[in-house]
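Scroll down for the structure; my scribbles are underneath it.
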Amino acid sequence: MVFGGALPATSIAVDINTKVYNIKRNLPDLHFSLEGTHGKVNEQALKGKVALVFFGYASCPDICPTTMADLSSLRRSLDPKLAANLQILFISVDPHRDTPKIIQAYVDAFDNGAIGVTGTAEEIADIAKRYRVAYQISKPAPGTADNNYEVMHAQGIYIFDKQGHARLLASNADDTELLKENLIPLLVEEYK
């Protein structure tokens with residue numbers, strides 16, 4: 001599946017400089033119901049926190065581990081009171097290989113308190129379409145194992161405020177200082 005939208009990770013000419021876009025009123029509020037290690041996880045689990053939502057997969061060789069490491073660094077750089085108001089949500093775009101247990105073990109390796117979730121292929125396609133996330137799963141090559149395939153995906157980070165409203169889209173997490181500068185106003189806002 002391919003959906004247009006947020007910054008494909010496999011472009012020929014990629015601008016590696018982090019950019020943060022104001023997407024207020026351009027994307028719907030955070031809404032999902034996907035599987036975590038302890039059952040269904042939905043947007044209610046994130047209410048009252050600023051959510052950094054990233055789409056990827058556990059066996060990603062480059063974008064996902066780099067982004068998760070950068071988000072961990074960002075979280076550690078925050079005052080602990082502000083960090084307590086931040087939740088990282090990692091949504092797998094590879095539901096065939098990423099079980100809830102696998103995806104949570106993956107995000108736990110980064111020690112940033114992230115929640116890892118997955119779902120059926122249809123559920124992932126629905127949320128990707130909702131937020132205009134580009135991803136594609138190739139078919140296995142003839143004569144190879146069913147789980148031997150490539151996944152391409154966007155590297156954007158969707159930022160939702162404490163009420164679950166879409167506020168910002170970061171092109172990547174390379175510039176954690178720029179992300180921090182844009183996150184602090186959202187982190188200090190009162191939850192209504």
Side-chain angles (χ1 to χ4, degrees), residues 1 3-7 21-60 63-64 67-68 71-72 74-75 78 82-135 137 151 153-170 173 179 182-183 186-192:
M1 292 211 132
F3 295 105
L7 311 168
Y21 304 95
N22 180 344
I23 59 170
K24 190 175 183 177
R25 295 195 237 3
N26 289 307
L27 286 177
D29 291 348
L30 188 58
H31 177 72
F32 68 97
S33 182
L34 296 168
E35 288 293 323
T37 53
H38 301 293
K40 285 287 185 187
V41 177
N42 62 32
E43 67 277 359
Q44 295 303 314
L46 308 177
K47 286 290 185 189
K49 295 188 181 278
V50 173
L52 303 182
V53 180
F54 180 63
F55 293 79
Y57 64 109
S59 56
C60 178
I63 293 167
C64 296
T67 299
M68 290 301 289
L71 294 178
S72 295
L74 168 66
R75 185 180 180 92
L78 292 169
L82 293 178
N85 292 321
L86 181 72
Q87 181 61 63
I88 299 166
L89 179 69
F90 187 96
I91 299 176
S92 173
V93 296
D94 186 4
H96 309 291
R97 291 185 287 205
D98 288 348
T99 65
K101 187 175 180 180
I102 288 171
I103 203 68
Q104 190 60 51
Y106 177 76
V107 298
D108 285 348
F110 295 94
D111 194 30
N112 59 20
I115 298 171
V117 293
T118 189
T120 66
E122 294 78 22
E123 289 170 330
I124 299 304
D126 286 347
I127 192 167
K129 184 175 182 181
R130 181 179 178 86
Y131 297 107
R132 303 177 194 153
V133 175
Y135 76 99
I137 298 174
V151 177
H153 64 92
Q155 65 179 359
I157 300 146
Y158 296 78
I159 302 168
F160 295 84
D161 65 20
K162 294 177 184 178
Q163 288 75 37
H165 304 305
R167 296 290 293 274
L168 302 169
L169 173 61
L179 287 177
N182 281 273
L183 280 174
L186 298 176
L187 291 166
V188 299
E189 277 182 2
E190 288 296 317
Y191 173 61
K192 300 170 190 167

Answer yes or no: is there a side-chain heavy-atom contact under 4.5 Å between [X] and [Y]?
X      : Y      : result
Leu186 : Arg167 : yes
Phe54  : Ile63  : yes
Leu52  : Leu74  : yes
Tyr158 : Leu168 : no
Leu183 : Leu82  : no
Val41  : Val117 : yes
Ile103 : Tyr57  : no
Asn85  : Val50  : no

State which residue, out of Thr37, Val107, Leu46, fulfils the side-chain contact (heavy atoms from CB on, under 4.5 Å) condition with Ile115.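 Among Thr37, Val107, Leu46, the one meeting side-chain contact (heavy atoms from CB on, under 4.5 Å) with Ile115 is Leu46.
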
Check [X] against [Y] and note the closest heavy-atom contact, atom names and distance.
X      : Y      : answer
Asp94  : Ser59  : OD2-OG, 4.4 Å
Leu89  : Phe32  : CD2-CZ, 3.6 Å
Ala166 : Pro28  : CB-O, 3.8 Å
His96  : Ala121 : CE1-CB, 4.3 Å
Pro95  : Gly119 : CB-O, 2.8 Å
Ser92  : Thr118 : CB-OG1, 3.9 Å

Decide if atom NZ of Lys24 counts as having more than 12 heavy atoms of other residues, nucleotides or ligands within a radius under 6.0 Å.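 Not more than 12 within 6.0 Å, no.
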
With a 6.0 Å cut-off (strictly less than), is the heavy-atom count around CG of Asp108, excluding the residue itself, greater than 12?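 Above 12, so yes.
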
When you measure from the side chain of Lys162 to the backbone N and O of Glu189, does any donor-acceptor pair fall under 3.5 Å?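 Checking the backbone N and O of Glu189 against the side chain of Lys162, a donor-acceptor pair under 3.5 Å is found.
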
State the [atom1]-[atom2] distance between [X] and [Y], to the nearest 0.5 angstrom.
X      : Y      : atom1 : atom2 : value
Leu30  : Tyr131 : CG    : OH    : 5.0 Å
His165 : Ile159 : NE2   : CD1   : 15.5 Å
Gln163 : Glu43  : CD    : CD    : 13.5 Å
Ile157 : Thr67  : CD1   : OG1   : 5.5 Å
Asn112 : Gln87  : CG    : CD    : 8.5 Å
Leu187 : Asp161 : CG    : CG    : 10.5 Å

Assess, by modelled atom type and distance only, whether the side chains of Asn42 and Ser33 contain a donor and an acceptor separated by less than 3.5 Å.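 The answer is no; no qualifying pair exists.
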
Do Asp126 and Lys129 meet the salt-bridge criterion of a basic N to acidic O distance under 4.0 Å?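 No salt bridge links Lys129 with Asp126.
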
With side-chain contact (heavy atoms from CB on, under 4.5 Å) as the test, would you mind laying out the steps for Ile102 and Arg97 before giving the verdict? CA-CA 8 Å; Ile102 288 171; Arg97 291 185 287 205; over 6 Å; no

Stepwise, does the ring pair (Phe, Tyr, Trp, His ring centres under 6.0 Å) test hold for Phe90 with Tyr106? CA-CA 10 Å; Phe90 187 96; Tyr106 177 76; 5.5 Å; yes

With Lys40 via salt bridge (Lys or Arg N to Asp or Glu O under 4.0 Å) - residues at least two apart: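 Listed in chain order: Glu35, Glu123.
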
